[in-house]
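Beneath this line is the structure, given in structure tokens, with notes to follow.
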Amino acid sequence: MLRVEHVTKSFGGVVANKDISFTFEEGQIVGLIGPNGAGKSTLFNMISAIFPPTEGNIFFKDHQLNDLSTHEIVRLGISRTFQNLQVFKNMTVVENVMLGQHIHSKTGLLSAAFRWPSVRREDERAYEKAMGCLAFVGLDHLYKVKAGNLALGNLRLLELARALATEPQLLLLDEIAAGLNQKETRDMRELIKKIRDSGVSVFVVEHDMDLVMTICDKVIVLDQGEKIAEGTPKEIQNHPRVIEAYLGAEMEEEAG
Amino acid sequence: MGDFLQFFVSGLSIGSVYAIVALGFVTIYSVTKVINLAQGEFVMLGGMLMFTFVSAGLPYWLSFFAALVIAAFFGKLMEGTVIRRAKGADPVSLIILTLGVAIFIRGIASMIWGKNPVRVEPFTSNQPYNIFGASITPQSIWVMLLMLFIVAALYFLIERTLLGKAFQACAVNPTAASLMGINPKQMSSFSFTLSAGLGALAGLAIAPIMFPSYDMGIMLGVKGFSAAILGGLGSAPGAVLGGLVIGLVEAFSAGYISSGLKDAIAFTFVLLILLIRPYGIMGERSVGKGGL
Amino acid sequence: MDGVHQTNWIGFVVFAAIVLVFPLIATQSFYITQATFAGIYTIVAIGLGMLMGYAGQISLGQAAFYGVGAYSTAILTVTFGLSPWLSLLFSLAVPALLAWILGHTMARLSGYYLAMATLAFGIIVYVVLVEWRSLTFGASGFYGIPTLELFGLRLTPGIPYYYFVWIITLLIMSLSFNIVHSRVGRALRSIHDSEVAASVMGVDTGKYKMQIFILSAVYAGLAGWLFAHMSYSISPGSFALNASILFLTMVVLGGSTSVWGAVIGAILITVITVIVHALGLRYAFITSDFEHVLFGLILMLVIIFMPRGLFPTLVDWITAQRPKEREEQQKQREESA
Amino acid sequence: GNGGEQAQAGEQEAPAVYKIGAIYSKTGPNSPLGEPEWNATVLLEEMINAEGGINGVPIKVILADDESTQEKATQEMNRLIHDEGVLAVLGSSGSGESLAMKGIAMQNEVPMISAAASVRIVEPVEESYWVFKTPQSDRHAAERIYVYLNDTGISKVGILHDSNAFGESGREQLELFAPEYGIEIVAIEQYNTNDPDMKSQLTRINSAGAEAVIVWGTNPAPAVIARNMKELGLDLKYIGSHGIANQRFIELAQDAAEGVVIPTGRMLFPEQIPDDDPQKEVLMNFYNAYVERFGSEPTNFGAYGHDNFMLIVEALRNGATTRADIRDYLEHNNHDWVGATGIFNFSPEDHNGLTPDSLVMAVVENGEWRLLDH
Amino acid sequence: MAQCILQVENLHVSYGPIRALKGISLTVREREIVALLGANGAGKTTLLKTISGLLVPHQGKILFKGEDITGQDPTFIVQRKVIHVPEHRQVFGTLTVLDNLYLGAYHHYRSTGKEQIEQDLEKVFNLFPILKERKQQLAGTLSGGQQQMLAIARGVMAKPDVLLLDEPTLGLAPIVAKEVLELIQELNRSFGTTVLLIEQNIVASLKIAHRGYVIAQGEIVKEGEAQALLDDDEVKEAYLGHAVQ
Ligand SMILES: Nc1ncnc2c1ncn2[C@@H]1O[C@H](COP(=O)(O)OP(=O)(O)OP(=O)(O)O)[C@@H](O)[C@H]1O
Ligand SMILES: Nc1ncnc2c1ncn2[C@@H]1O[C@H](COP(=O)(O)OP(=O)(O)OP(=O)(O)O)[C@@H](O)[C@H]1O
Ligand SMILES: [Mg+2]
Ligand SMILES: [Mg+2]
């Protein structure tokens, strides 16, 4: 469903992504790993059209994404979370998530001003959906807290719920478990699996190998902007370049 | 040709005035991210205090420095009594706050000095020089020199010293700055003092040109603000460039197109430049869409 | 829909009731005049407040739209003999068109740079009003603007016009409440908090900013129309930078994060003016210069002690008085931990 | 507030006090105009009441500052009429504010005497039934200047005016009457009140071949212009407006002011007015009282304030104590009324009542204004 | 037993009506690494912020080497060489990497002298070579992990006696995370730096720590030697989940 073809991205002198190609099958969880600064977030940013690639093409279900703007991408069915949290701090939790329903409603300025019955119906539907997503990630009890007052772990869940509310086909998760302790990470893992099982493909960037290796169907490894490996978690764990560049020699020790 | 040169010289000298005012904006902005709309009032204070001291019979240069020091002190006072207390305010509220200060100072000034403009003698004898048919007064030359000196000093301070980096750190993230042992309050106080001093200096320099009065700060404030933005907020050379550009555009459009439309032309020009360079001529450093 | 910002219609009805009975208790017609102006300003302030608090944009040129609205109707009714009710359309459309054009050119700007662009726009419009003498009669002003007639009733300044203005203001308020508490309002608030996250949710940030900018211009144009037909004459001076700053001040003092803030801000400024004025009448030492000093002082005090504006502070204060709610909040927080 | 009563009370018995409203621009951009007007009003109220009032009834002036804005003028006008129930309103200083007040005066049928220049305040006269004004209209000043130019043989002029209402209405009248006097206007330039430098405009006017430049504005800009002209070494005759008819202009411009010529009311130099001038006494009395009370000169604007006030006093003295009576009195009974500004003859056709003779020409000589008789 | 360097007594801290710390007491001895454990929102960050002077407690005391530093300015506390590397990186986004590092040394820049600072800089660059490569890049455009490295490096430039670290390995690749923990141990061993550490990877942090405290809902619920805490069933249950044996 997602095809990345020879994508290169450079910022001035820094080449963040260099000639990256891969494909992404529907219904999978794919992991994207690599050292800090390898270009993972950059790749995510291009898939969500926050900026275009310098070279190369990205296709999602036969739509070329290069010339689209971010808000159009969402309508194609791609949603994401952010490594550096981007919640709407001054809105309540449920309002945050209702924004995920934005693309599924039509109310414009004028109809909103007069608040026709259809507007009210639409609002209620969005609310129901948002509460559903909150319940799904287990945040429903906090629905009316101001998002800015949440602790970090809950913020991550909130971003996840918000992304889910757009009803995506492809979900990009950028370091969704950063700042969670082992127990919370474990819960997150179950959640991701559940999302996949509901038919959403998931693309995760994570530094928590436990998480990546246990849930991913496929793992792609970047190093200094280049793709150095792609394969099943097993293959990746034993890939010499990956061990050298990223996992480190003692990784197995700890995992085992 | 003579006309052209005259317009150019006029533009330069007006532009230098705007530039000095703009540098005051830059000083405060680059430390606190506050836009101080009372900047124009410090210019006024400089001029009016000078007038007061000279009228009271103090020697010229003593009056000059006394005016400078007192105005700078008012800057410090403003920071300590008003700005510092408005901790939780967002940038727009802070702007309105400085506006409140400006209205306050202006009101007091009109009660003390009345509404009439006053006269202040130039630094040196004011026999104009004639350069290829264009006339320029020594005071205008003083203004330009002063402006160049200030921008050089500020540029060095902000860009080349650790203190300057500490300034910028306070502007970017005061909390983190305090964790580095930088005292944002002290810096903020320092920047207001410095900037009020600069404002007063501008006032002292232009008092002999334009007859200061209690309300001169409004116009200079607007022009200085525009110059600072046009140049790219936070950049001292940018402010100077912005000031000169506005001054020159005004002079040339008054000279060649229409003096009635000169403001409209100058501000249309500002708009156009901003369209081409959304962060001003010298651009503010920005991380754009980085760090997501 | 618990947990979602919704219009407090009870508050609105109470407010409307106060507004409607005010003329009955106002002892002086001066208060009626002031209150009429407050109504007109409220309309501008609501638009500007939505632009600032919801879309996160500063405008230092709002008075230009206000002026264009006023001049449109003045010129059309006096010079071209149009009915004021027809010219209303132009008073709304011309500012909208200008906002649309300006909005396109400003799409690239943000923060103080945007403020600068709007400031420039305001100054340009002012100069045009002064210089286009054949149309506007220049700096000394345009005069002879007719009063409105509605069903044979002349809406003369005073109580008739007060009711006319405030009924429109209440209407604008309720429309605005609906907007900010809708999908559109949420989208705008999200832009304010994180533009990139908003666009990732599918919000076309450019489109919404443009819409709200146009809306604010239309509001200002409407207010200008009301102002023109209340005044026999108008002049560019009423639409200069001062006025833009006055509107901005109203929004900031009231609090930009809610429509109520703008309403309260506009009323607050009027009340301050009335109080300072009343003091001036009573105490000889409070001259009009002193009034400025006092005004500046009040401005400073309000921002120092209520940095987010009067309305949010009041709301906090009232909720703090309700211990039950606070307890509930604390409980929720602990659950979240 | 229980104002209404006095307004109607006049007929039967003498009221306790005559309430008059006055709105002047004490603050804001028009304050150079408004302040002397305000002061004059304060002074005259004191003087009249010290004399025992009008036929034994004290006069009370409710003074209001419109801060040079139309909104404030509108608000104060409404307040004075409805809440204070004044018999008449004086003011305001600026044309824009006066026009705003005019609408309210007409609607509420309250006599009003403006202190602003624009002829539009009292014209067309059918639409100005309740409105009068005392300052010479800019038309008079323009004509007076052109008479002077014809006398001195200058025919090509440039105009340099403030972009505010004051400067603009001067420019309008200058343009209007130029053909009649055979004057060619070769350049029209403007500036903003606080601009620091007008060399560009002057250079342009000079290059256009002007022999004289007519500067229309109030301090400080005309002084800046005088100095700029000197710095540029321009050989242009400087003709100012009555806006700089004060000592302040000379103090600011100093030697650059030498030779500057202006049309002015006689209030600029009462001592220099010949003793046989009918205005002499009024001028001297007011001038001396004003200088003694405020330590500054009344200027022509003070004279407007004086005349506005005294016209009402005159009406009251003669038994016109209702709004309608005052208006009628002003329109019909003022024949050759001697004011500080000039000699007034109001009529149903003319609510200004002055001729260009109310202006004289003055020149700066040795740092002082001298009456110029040519 | 080593001398007590930092002592917190009965600390109460609130954010407006929200009570974040409800009477925390702990001690840190010289040359010790102390781990702070606790779930999200427990109040760990709040505690560090209060020690470094960013928050003012409304009750309780903080002693540094016996001196009462409660409610002092952060600048005052930094001068005592108590350095806080805050949560969320907090790098100066629009300054370059190099400027960020120089600012780390701000409080001792004058007394130390330029040469020494340059040497320190080299040392830090050795630890994080990427920073050297990117020294002219604006810090805000660094990747998440690079920013985290910069934040730590900036803390090191301050030459701390006591280092307060708030989730230093957040977002770092496993190798780097490991290196950072080793670096902390190294600082502690070679320079005697005292460390107060918040770390989500509880196992890893307890492995390098000497002692630990467990905070829950603003109160200390457990304290002890690192190893003891590692073996504690409750800790395992609450923070590691049942799957870890
Ligand atoms: N706007 C920018 N300007 C300059 N360089 C940039 C910019 N954005 C990213 N980079 C550089 O591109 C590289 C890739 O960054 P990216 O954020 O994609 O890394 P990452 O793989 O997500 O790393 P991490 O795991 O640390 O989050 C980094 O070296 C970074 O410094
Ligand atoms: N600025 C703030 N305003 C209001 N409440 C806050 C604020 N900062 C933190 N809190 C609240 O204080 C409590 C303690 O927060 P703190 O950040 O200290 O937790 P933490 O233990 O560091 O959690 P984490 O592991 O998520 O970083 C939490 O309930 C949090 O919601
Ligand atoms: Mg990343
Ligand atoms: Mg924390």
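These values consider heavy atoms only, across backbone and side chains, with no hydrogens, waters or symmetry-generated copies.
Atoms CE and NE2, from B:M111 and C:H292 in turn, are 11.0 Å apart once rounded to the nearest 0.5 Å. Taking CD1 of B:I229 as the start and CG of C:L109 as the end, the distance is 10.5 Å to the nearest 0.5 Å. The CG atom of C:L253 lies 7.5 Å from the CD1 atom of B:I96; values are rounded to the nearest 0.5 Å. Between the CG atom in B:L94 and the CD1 atom in C:I303 there is a gap of 8.0 Å [rounded to 0.5 Å]. Rounded to the nearest 0.5 Å, atoms OG (B:S93) and CG (C:L299) are 10.5 Å apart.
For chain C, the nearby part of B:I276 is the backbone; its heavy atoms alone come within less than 4.5 Å. Of the two parts of C:I58, only the side chain, counted from C-beta on, holds a non-hydrogen atom closer than 4.5 Å to a non-hydrogen atom of chain B. When heavy atoms are compared at a cutoff of 4.5 Å, C:L241 approaches chain B solely by way of its side chain, counted from C-beta outward. At a 4.5 Å heavy-atom cutoff, C:M306 makes no contact with chain B through either its backbone or its side chain. Contacts of C:F290 with chain B are made by both backbone and side-chain atoms, with heavy-atom separations under 4.5 Å. C:I123 touches chain B through its side chain: at least one heavy atom from C-beta onward sits under 4.5 Å away, while N, CA, C and O do not. Both the backbone and the side chain of C:V293 come within contact range of chain B, each with at least one heavy atom under 4.5 Å from a heavy atom of that chain.
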Test side chain to side chain contact (heavy atoms under 4.5 Å, CB included) on C:Y112 and B:I95; report intermediate values, then the result.
CA-CA 11 Å; C:Y112 292 127; B:I95 292 190; 3.4 Å; yes
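Across every non-hydrogen atom of C:M300 and B:V82, the tightest pair is SD-CG2, 3.9 Å. What you find for C:I124 and B:A264 is that their closest heavy atoms are CG1-O, 3.8 Å. The minimum heavy-atom distance between B:L271 and C:A120, with the atom names listed, is CG-CB, 4.0 Å.
Side-chain contact between C:L119 and B:V270: absent, with no pair of heavy atoms (C-beta onward) separated by less than 4.5 Å. The closest side-chain heavy-atom distance from B:L230 to C:M116 is not below 4.5 Å.
Applying a 4.5 Å heavy-atom cutoff, none of the residues of residues 241-255 of chain B approach chain C. For a heavy-atom cut-off of 4.5 Å, chain C lies close to B:V222, B:F225, B:S226 in residues 214-226 of chain B.
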